[in-house]
Amino acid sequence: MVSVKTPVVQCSGLQKTFGDRRAVDDVGFEIAEGETYGLLGPNGAGKTTTISMVCGLLEPEVGTTTVAGLAMGTRNAEAKAQIGFVPQEVALYPDLTGRENLRFFGRLQHMEGKRLKSRVEEVLDLVGLVERADERTDAYSGGMKRRCNIAAGLLHEPKLLILDEPTVGVDPQSRHAILESIETLGGAGLSVLYTTHYMEEAERLCDRVGIIDEGRIIAEGTKRELVELVGENAHVRLTGAGDLPGFADRARSLAVVERADLADGVVDLEVSDASRALAPIIETAEGSALDIRSVDVVEPDLESVFLRLTGKALRD
Amino acid sequence: MRNAFVIAGNDLHRRLRDRSVLIQGVVGPLVLATIISFAFSGFDTFKVDVALVDEDQTVTSAAIVDGLVEAVNEGEGEGLEIREVATAAEARRMVDDDDDDVGGMIVLPRGFCESLRTEPLPIGTVINEESQFAGEVTESLAGGIAGRVDLARVAVNTALRVAAGEGEFDKVADLADDGCGPATSATAGSGAGVEVQPAIVVADQSYSGEYNAVSYYGPGMAILFAFFAAGIGARSILGERREGTLVRVRAAPVTDRTILFGKTVGVATLALSSIVIVWIVTSLALAANWGPIWGALLVIVCVVVAIAGLSMLVTALARTEAQADGFTAMLALGLALLGGSFISPGGLPPLLQEVSAFTPNGMALHAFTDLAVGGAGLAGILPHLAGLITIGACSGIAALVLLQRKVLS
């Protein structure tokens, strides 16, 4: 949980329409200093359009954004300078080396001389590309391109790093490296706005999450707050040999169990607090002469929150 | 503004790395200009003879003829010769008769000197349409004479006004009148006892007479290939949109106008470098005459403005890089054909000759020829320069508006 700090980003009432389709409708959120905020939603939910307005690529029809106290707009260079933007697609010149790419993007951020040189080396080191920095980026693997893509957004030491689905199409090893580096940056006090449709990434990285669907933020908070908001419970799933129907009946009478179902040889027990419910459930199973084969505790996640809120899965 | 040059520098860096600009902007025009020059004329045999007829037979017209003959025929250059001919009929016969190798004729009409007091009579020209460059060279020589005559008129009128203020009007007016006396009295002295010097002196003009095929095809090919070099630069904005780098550049502390300005600077630099290199190489290695350095530079800069504007417009109208390439090729070749990069406009049908005058290629080639052959000054090439700048400004503004709507929104 993040303590209350000065918001680095404040946006409210953002709205954008493309043709007849309203891509973003009355979106607003705040990101505190050092906070990692996730925009979680399926493809086409309005995540990229929202961050395009936040970082000054698109003018909203309605609504305002301030970054580090500066009003954001497509013409506001000072506000743009506070942001490091990592686009969804790899945004590197394929015919330039990694180092040349970084030097160019650094110059665009008004960096020169020793400062530029040292920052280029620092970010190359951070993303693990020092050894390959003088190779053209079209010779990089997909993961290396993604890492260099992130490095370009970090060069000028922005107050806010915006990452638009940075792990899409990345191999597991590079994905792990990317998530680790983002965790490091968040831990170092950088504010991060992270969009993803991967529930597990949002859970791992984000202090707070805004769930976005059809252009609107439908819920916002920490994972726990969101779970509580929709009243989602944990599930204990138990398999074993013996009288499974009898065990399910007895388990229903336990105070910690909200519901018990039996299907396909698995007893699914919905519980309000898995840590407190586990011991009485095991005792009841043993009392029912059940030969327990496995016990799985499934905590409620953002996927189930999203499902509960929208009636559809994140990857729909 | 600084970021515009950062963007332009990055574009140039990338273009030089892929070497496409070197091939299309430098190697291409040099090779093609050389081949065409050999094919049409050969360096040793290129020659344009122009017949000059003085029907006015006054001190002034005689001075023009003498000055031109001295400047062109007695200079060190080769390739251009003035032939004094007694009558227009004889000159016409020489132009029509291919055996005489006379590509064009210039006639100073009877009453020419007298007409200078009010509205100068036009200097007549006739060209042999089968002679390469005859039209360009003859028109440039005639244009050069007309330009000098205009300057001289201004000088004489100024002298008369000054003289009027000092009570010497009659004396100076007599001198001016003597300039329109018979050519034989040129050194006989005037009623005022002062030796008559013609008001129009052409011997000190820069008629080098050094004009060969490369002098024409060098600039022609340089302009044609500058379109391709500029096109490579201009389409980079579409490439950056495809590669995704445009989004990142736009997210940096720059405005869309800065990006477009940077791109335009890159495009103009590519075109400028391409033409300047061809200019230097053809001048040093192939003895091409693009005119005096100041004039050639001025024309080059103006034609680059036109090329940059048109290239950006073509890119703005295209949806993809391939489409932009196609549009650029059509535009470059179309303007080259109409403007005289391949065939001198004199060889085109009358309607296309008119159209040719409004193409950047046509304007620039006229300006180069006027500088090299006609000895034109700034005033002489100013209409061409203004035309080029107008083309560049109009197309450039349209391109920037379209690009802002289509590519950057």
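In what follows, chains carry the letters A, B, and so on, assigned in the order in which the sequence lines appear, proteins first and then strands, with residues in each chain numbered from 1.
Side-chain atoms of Pro253(B) and Gln109(A), non-hydrogen and from C-beta on, do get closer than 4.5 Å to each other.
More than 12 heavy atoms of other residues, nucleotides or ligands sit less than 6.0 Å from atom CD of Glu61(A). Within 6.0 Å of atom CD1 in Ile293(B), 12 or fewer heavy atoms from other residues, nucleotides or ligands are found, so the atom counts as exposed in its surroundings.
Proximity of a side-chain donor or acceptor of Arg2(B) to a complementary backbone N or O of Arg107(A) within less than 3.5 Å is detected. Not a single donor-acceptor pair under 3.5 Å links the side chain of Lys80(A) to the backbone N or O of Thr255(B). Remark: side-chain polar atoms of Arg248(B) are paired, donor with acceptor, to backbone N or O of Ala91(A) under 3.5 angstrom.
Expressed to the nearest 0.5 Å, how far CD of Glu243(B) lies from CG of Asp95(A) amounts to 6.5 Å. For the atom pair Thr245(B) OG1 and Asn149(A) CG, the distance stands at 10.5 Å (nearest 0.5 Å).
For the set Val6(B), Val254(B), Asn10(B), Val247(B), the count of heavy-atom pairs under 4.5 angstrom toward chain A peaks at Asn10(B). The choice from Ala152(A), Ala79(A), Cys55(A) that makes the most heavy-atom pairs within less than 4.5 Å of chain B is Ala152(A). The candidate from Glu78(A), Glu59(A), Glu100(A), Gln88(A) with the greatest count of non-hydrogen atom pairs under 4.5 Å with chain B is Glu100(A).
With Tyr93(A) as the aromatic partner, Arg14(B) does not meet the cation-pi criteria of under 6.0 angstrom to the ring centre and within 45 degrees of the ring axis.
Between Ala251(B) and Leu57(A), the shortest heavy-atom distance links the atoms N-CD2, 3.7 Å.
Neither the backbone nor the side chain of Gln82(A) comes within contact range of chain B; no heavy atoms are under 4.5 Å apart. For a residue to count as touching a neighbouring chain, one of its non-hydrogen atoms must lie under 4.5 Å from one of that chain's; by this rule His110(A) touches chain B with backbone and side chain alike. In this structure, chain B has heavy atoms under 4.5 Å from both the backbone and the side chain of Val86(A).
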